[in-house]
Amino acid sequence: MRCLVVIPAYNEADTIVAVIESLAVVALELDILVVSDGSSDETVNLVRAGGRAVVIDLACNLGIGGAVQAGFIYALQHNYDTVIKFDGDGQHLAEEVAGLLEVLSEDGVDVVVGSRFLVSGGFRSTFTRRLGIRLLEIVNSFFLGRRLRDNTSGFRAYNRRAIKFLAENYPAIDYPEPEEVVLLVRNGFNIVETAVAMAPRQGGRSSISPGRSFHYMAKVLLAIFMTQIRPPVK
Amino acid sequence: MVFDRLLIVASLASLAFLFLVFELIRRRRLDEGYALLWLGCGLFFLVFSIWRKALDYIAELAGIYYPPAALLLLLIIGLIMVMIQFSVVISRQRHQIKALTQRLGLLEERQGRIIRNSDEDSSAQR
């Protein structure tokens, strides 16, 4: 079974090398792909110099959705069975990858979401951030007809069928995680959550600044609503 | 007399506008798709400049007491339609740029790999 770790990265020079190294020492055979989303810092050079990961260097900044989709297209072209989506800022922990893969290997599971909220403890984000996540949980649970706790988690594992679908249909908005969940369920994919620990980001800055949170929420909610009322993709 | 002067000024302005659009098309600065839209606008101005009764008629039909307000209303509706069309075009171009950027990134990665492989091959032969 071939597994590709897709790391979308926008100016993550402070952390990207450590993230790749942490994935390299895990006792799993993982290929690593860094998709630099038009980074203007040393991200691309550092990853190339490391020689451990493949780099796709996007010519301009597409937003995380576009970068992730490029990763799925690469995975499809190179016949990977599994994709792990992993953050480049050190929030996600390499030792949790095995857990995601184990759940993915269960019968009928297409996508696994690493969830921060299934167990108490661990890292807690800011109040407004938690409020937004809670709101997304309510909205998505309403649309999906079932409870999904961590809709904004970017730590996910996908099987071949999901890779194929997302290579073509990945949401093109800036913060695609909640919409991706609705899109996948609407198109008949089975998503399962599993508990993971996460670390606070090790460097860089969140792509969602406080001033933009409102804009972010409005955009995401509109995208979710529209995804829900559209017929499934053929 | 005042009425006639207005008719002449408005007609000339409309003609100037039509000429501007025409020139932009002739110099290939404007695609035909958008050109039709602006030519339509120009003709619209011209018709209402000459045939002023039409405005009174439309105003009456829409229950507007002051006919020039009807003209402004029509203009604003037209402008909004044009701007929506622009948003549609910009969105489409954004998707096209996204697809192009992804494809270019994937191709560059592939090209880099091929070059590295052939370098290794030639150094192995030596």
Side-chain angles (χ1 to χ4, degrees), chain A residues 4 6-10 31-40 43-45 47-80 83 163 166-174 176 219 222-223 226 233, chain B residues 24-25 27-38 40-41 73-126:
Chain A
L4 179 73
V6 173
I7 308 176
Y10 176 63
D31 290 345
I32 303 170
L33 170 69
V34 173
V35 184
S36 165
D37 192 15
S39 297
S40 54
T43 301
V44 170
N45 291 336
V47 177
R48 283 209 178 114
R52 179 64 182 78
V54 174
V55 182
I56 291 177
D57 181 15
L58 297 178
C60 48
N61 183 268
L62 297 181
I64 184 166
V68 170
Q69 188 179 30
F72 278 111
I73 297 171
Y74 179 92
L76 188 65
Q77 284 180 352
H78 292 80
N79 285 316
Y80 282 95
V83 161
I163 293 170
L166 291 172
E168 223 169 282
N169 301 299
Y170 202 82
I173 60 169
D174 307 352
K219 227 156 106 169
L222 177 67
M226 287 298 170
V233 183
Chain B
L24 285 174
I25 306 169
R27 294 178 193 176
R28 297 179 203 285
R29 297 257 300 272
L30 197 59
D31 288 347
E32 276 77 1
Y34 303 109
L36 277 180
L37 188 84
W38 292 118
C41 279
L73 182 69
L74 286 174
L75 274 176
I76 290 170
I77 290 173
L79 285 177
I80 289 175
M81 297 300 284
V82 169
M83 285 193 290
I84 287 177
Q85 203 219 348
F86 283 170
S87 302
V88 170
V89 172
I90 292 169
S91 302
R92 189 173 62 220
Q93 290 184 339
R94 235 173 66 98
H95 278 99
Q96 290 168 334
I97 291 170
K98 184 197 78 176
L100 282 173
T101 307
Q102 288 170 338
R103 215 176 258 205
L104 176 67
L106 287 155
L107 273 175
E108 280 182 342
E109 187 279 325
R110 191 162 162 226
Q111 185 203 31
R113 194 150 28 88
I114 291 169
I115 290 173
R116 275 195 305 278
N117 285 348
S118 70
D119 285 353
E120 278 166 25
D121 284 354
S122 57
S123 57
Q125 276 169 10
R126 256 177 241 140

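For the numbers below, each heavy atom of this structure counts, side chains included, while hydrogens, waters and symmetry mates do not. The chains referred to below are lettered A, B, ... by the order of the sequence lines, with proteins before strands, and numbering in each begins at 1.
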Chain B heavy atoms under 4.5 Å from A:Leu58: which part of the residue, side chain, backbone, both or neither? both
Nearest atoms (heavy-atom pairs only) where A:Cys60 meets B:Ile97: SG-CG2, 4.4 Å
Under 4.5 Å from any heavy atom of chain A - which part of B:Arg94: side chain
In this structure, are over 12 heavy atoms from other groups packed under 6.0 Å from A:Glu168 atom CD? no
Can you find a heavy atom in the side chain of B:Glu109 that is under 4.5 Å from one in the side chain of A:Val55? no
Is a side-chain N or O of B:Glu108 found less than 3.5 angstrom from the main chain of A:Ile56, in a donor-acceptor match? no
Quick one: what part of B:Arg113 sits under 4.5 Å from any heavy atom of chain A, side chain, backbone, both or neither? side chain
So CD1 of A:Ile73 and CD of B:Gln102: to nearest 0.5 Å the spacing works out to 4.5 Å
Measuring only between side-chain heavy atoms, which start at C-beta, is A:Gln69 closer than 4.5 Å to B:Lys98? yes
Among B:Gly105, B:Gly112, B:Ala99, the residue with the most heavy-atom pairs under 4.5 Å to chain A is B:Gly105
So which heavy atom on B:Leu106 is nearest to which on A:Ala70, and how close? CD2-O, 4.1 Å
